[in-house]
Amino acid sequence: MSGLNAPQKLAVEYVDGPLLVLAGAGSGKTKVITEKIAHLIATGRHEAKHVAAITFTNKAAREMRERVARRVKGDKAEGLTISTFHSLGLKFLQIEHERAQLRRGFSIFDSDDQLAIVKDLAPAGLKNDALYALHNLISAAKNNGLSPEQAAEAARSLREREAAGLYARYQARLQAFNAVDFDDLIRLPLLLLDADAELAAGWRERIRYLLVDECQDTNGAQYRLLKHLAGTRGAMTCVGDDDQSIYAWRGANPENLDQLAQDYPRIKVVMLEQNYRCSGRILRSANALIAKNAHAHPKQLWSQHGDGEPVRVWACKNNEHEAERVAAEIHYLAQAKEILWGEFAVLFRGNHQSRPLEKALQLLRIPYHLTGGTAFLDRGEVKDALSWLRVLANPDDDAAFLRAIASPKREVGATTLEKLAGLAQQAQLSLSKAAENISLLKQLTPRAANGLNEFTGIIHRLRDASERLTPAELTRKLVEQSGLLAMIRAQCKDEASYLRRKENLDELALWFENARGGGAGELAAQLALLTNADRGEPGNQVRLMSLHAAKGLEFAAVFVIGCDDGNLPHSASIEEGRLEEERRLMYVGITRAKAHLYLSHNAETKRWGSVEHLLPSRFLDELPAGDLLRDGSDPERESAEKKIRGRASIKEIASLFDP
DNA sequence: GGTGAGCTTCTTTAC
DNA sequence: GAAGCTCACC
């Protein structure tokens with residue numbers, strides 16, 4: 001174990017009881033976790049198969065897996081669990097599915113599927129935001145580990161009581177579909193562990209040492225789950241930073257960090273306050289910003305680094321201008337400072353902000369990798385194929401059936417489906433099973449029955465074949481036999497768009513090829529937990545991602561774009577009084593940078609087609625003026641720098657490639 | 001039952 | 001400014 005400072009060393013070596021590591025940004029917390037895993041294994045304290053590290057994003061899990069692989073060689077790391085809370089919950093449910101009253105191949109409902117249930121059950125005519133609100137209330141109850149009954153008892157308003165009633169029916173619907181939603185991946189394991197001490201003991205036997213990253217992001221249910229896994233002996237290390245709590249909107253409860261000390265009075269607390277990442281000016285900016293938040297336990301982050309470059313604050317005309325400046329500056333810095341493409345990151349509040357950037361980077365032939373969002377899984381053709389896989393694995397998945405039966409169209413329309421739904425309900429069957437039922441089919445028009453028969457036939461053939469095929473092969477076969485490929489071919493007017501969509505389907509199959517464990521159904525469930533962030537290896541490419549996705553990463557040069565009031569902080573968060581979380585988000589962005597930091601704002605932006613005027617983010621005013629270099633504040637320096645860069649516009653740089 | 005024109009409507013973030 | 005929805009029409 002090399003290169004650890006005293007508190008880091010203490011955190012790694014302390015294994016005699018529960019440990020809380022309060023780790024400031026850039027203080028080496030991932031290093032502590034990976035070193036600790038290596039330490040636990042190397043000292044023979046625990047075999048790898050009894051150690052589990054939990055993170056919040058798949059990306060963080062992968063990052064940690066890579067770092068552990070570099071640190072622990074050979075088969076020593078065999079059986080080590082590094083996964084997200086949700087992946088662990090999924091694994092738990094796939095093993096314990098019977099106790100959870102789920103059948104093998106159960107589906108995971110994504111946000112769209114979930115909302116569709118709410119829409120179906122809620123009073124007709126509710127607007128989208130009311131439906132979202134209801135779903136959020138259900139989700140909040142689940143995140144607190146409440147059952148529908150408990151939610152009803154806890155309800156403090158009419159709205160909440162109505163939502164609790166809806167929750168009960170929502171859950172019944174999921175049960176009927178042999179499906180779970182994201183929240184159930186935490187709630188159901190918790191429910192089972194609460195109810196069965198033996199089961200809990202069994203899982204503690206499997207997971208004898210637990211490490212939890214980003215502990216401030218745990219919600220109520222996750223916190224109780226981790227207590228189950230750690231048990232009363234508290235064989236665990238929790239790492240967290242309340243200043244980087246940015247997930248309250250999905251139920252995260254940073255007070256869980258304090259709760260730990262109450263639940264484990266013997267807990268040892270280690271503070272990591274030395275920042276190894278940021279230059280002096282960057283760190284001072286971050287410290288000044290976060291000091292505006294109320295703190296129960298203020299940290300003092302310090303660093304041995306020199307001042308470094310000033311933090312640049314750019315006033316841009318609009319998003320295109322901003323993107324062009326960023327691209328040109330990256331182009332310049334890469335040459336002048338010999339910074340690799342992969343050491344640049346452009347961070348933004350919303351994923352849609354990447355578009356102008358992509359254009360500008362393409363213009364300059366700068367390779368980039370866009371992570372974040374769920375764009376891949378949201379592609380229509382990918383959803384279609386996944387729906388087919390879900391029906392194959394889970395005949396009770398009505399949501400998947402409804403999508404699959406309509407892609408491609410086979411003369412089964414809304415009228416038939418409504419009729420089928422009625423018949424299915426009477427017979428207590430799922431849609432897919434009802435469609436296989438001859439006597440039920442007789443009650444439909446011959447044309448509709450034909451269409452359903454055709455569908456059922458294909459499903460049966462694929463299901464038979466699925467036993468001999470790998471998930472990847474099954475996916476490829478399905479794409480052909482379902483008629484999906486032909487449908488895409490017919491829909492696409494030009495060859496290029498056909499190929500692009502076909503490629504997405506190829507990529508789906510490829511993902512299955514590289515994934516391990518389970519049949520197509522299990523893999524399809526795992527896939528539901530992935531986002532764009534988890535696709536492909538980002539090579540030596542400029543990284544484009546949301547501020548949320550950037551947590552835990554570091555780069556030589558960071559551009560935080562769109563520092564506009566209303567965007568960062570976001571207007572919705574301002575209205576809901578979540579300004580401190582927005583400030584933490586900005587803090588996370590700033591502290592990703594090692595040497596070069598750029599914060600840009602815009603005079604105007606286009607929103608839904610029309611132009612909107614903007615003011616700079618209020619957070620920019622909270623930064624120490626002495627460490628900033630604002631546009632226009634130092635004309636002499638600016639003109640000197642312009643001379644060094646030697647070019648006026650991105651067009652001129654681009655013309656070097658395309659004369 | 002399927003299709004396209006014309007209308008409305010906007011989750012930021014992610015498992 | 002795109003995506004989804006409704007409705008008239010084939």
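Every chain is numbered from 1, with letters handed out A, B, ... down the list of sequences.
Across all strands, Glu582(A) comes closer than 4.0 Å to base atoms (heavy-atom distances). At the heavy-atom level, Phe182(A) lies under 4.0 Å from base atoms of the strands shown. The residue Ala572(A) sits close to a base: some heavy atom pair falls under 4.0 Å. Contacts of Phe348(A) with the nucleic acid, taken as non-hydrogen atoms under 4.0 Å apart, are absent.
In this pair, Tyr598(A) and Phe559(A) present their aromatic rings parallel. The plane angle is below 30°, not in the 30 to 60° band.
Residues Leu90(A) and Phe106(A) form a side-chain contact, since some pair of their non-hydrogen atoms from C-beta on lies under 4.5 Å apart.
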Pairwise N/O distances under 3.5 Å, protein to nucleotides 2-9 of chain B:
residue	atom	partner	partner atom	Å
dG2(B)	OP1	Glu411(A)	N	2.8

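Taking a centre distance below 5.5 Å and an interplanar angle below 30 degrees as the stacking criterion, Phe85(A) does not stack against the six-membered base ring of dC15(B). An aromatic stack links Trp249(A) and the base of dT13(B), using centre distance under 5.5 Å and interplanar angle under 30°.
Out of dT13(B), dC15(B), dG1(B), the shortest distance to the side chain of Asn58(A) is found at dC15(B). Side chain of His86(A), nearest nucleotide from dC15(B), dT13(B), dT11(B): dC15(B). Out of dT13(B), dC15(B), dG1(C), the shortest distance to the side chain of Trp608(A) is found at dG1(C).
Contact annotation: Ser111(A) does not reach the phosphate of dA14(B) (side-chain N/O to OP1 or OP2, under 4.0 Å). The phosphate of dA14(B) has OP1 or OP2 within less than 4.0 Å of a side-chain N or O from Asn351(A). The shortest distance between the side-chain N/O atoms of Thr415(A) and the OP1/OP2 oxygens of dG1(B) is below 4.0 Å.
Nucleotides dT11(B) and dT6(C), compared at atom C1', are 23 Å apart to the nearest Å.
Going from atom CG of Asn219(A) over to atom C1' of dC15(B) covers 10 Å, rounded to whole Å. The CG atom of Leu131(A) sits 14 Å away from the C1' atom of dC10(B) (whole-angstrom rounding). The interatomic distance linking Arg250(A) (CZ) with dT11(B) (C1') rounds to 15 Å, in whole Å. Taking atom CG of residue Asp112(A) and atom C1' of nucleotide dT11(B), one finds them 12 Å apart after rounding to whole Å. Going from atom CZ of Arg355(A) over to atom C1' of dG1(C) covers 10 Å, rounded to whole Å. Atom CG of Leu347(A) is separated from atom C1' of dT13(B) by 13 Å (rounded to the nearest Å). Here dC15(B) presents its P atom at 11 Å from CZ of Phe56(A), a figure rounded to the nearest Å. Put simply, CG on Asp217(A) is 11 Å from P on dC15(B), counting in whole angstrom units.
For the salt bridge (charged side-chain N to carboxylate O under 4.0 Å, His left out) with Asp113(A), the lone residue among Arg390(A), Arg173(A), Lys383(A) that qualifies is Arg390(A).
With respect to the salt-bridge test (charged N to carboxylate O, under 4.0 angstrom), the residues Arg584(A) and Asp242(A) do not qualify.
DNA chain B is contacted by both Ala448(A) and His548(A); Ala448(A) maps to the nucleotide lying nearer its 5′ end (nearest heavy atom per residue).
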Would you give me the side-chain donor-acceptor pairs under 3.5 Å for residues 606-617 of chain A, sequence neighbours excluded?
residue	atom	partner	partner atom	Å
Ser610(A)	OG	Arg607(A)	O	3.4
Ser617(A)	OG	Leu568(A)	O	2.7
Ser617(A)	OG	Phe619(A)	N	3.1

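A donor-acceptor distance shorter than 3.5 angstrom exists from the side chain of His321(A) to the backbone of Lys317(A), with no hydrogens or angles considered.
No hydrogens or angles considered: nothing links the side chains of Asn253(A) and Asn219(A) as a donor-acceptor pair under 3.5 Å. A donor atom on one side chain and an acceptor atom on the other are found under 3.5 Å apart for Asp194(A) and His228(A).
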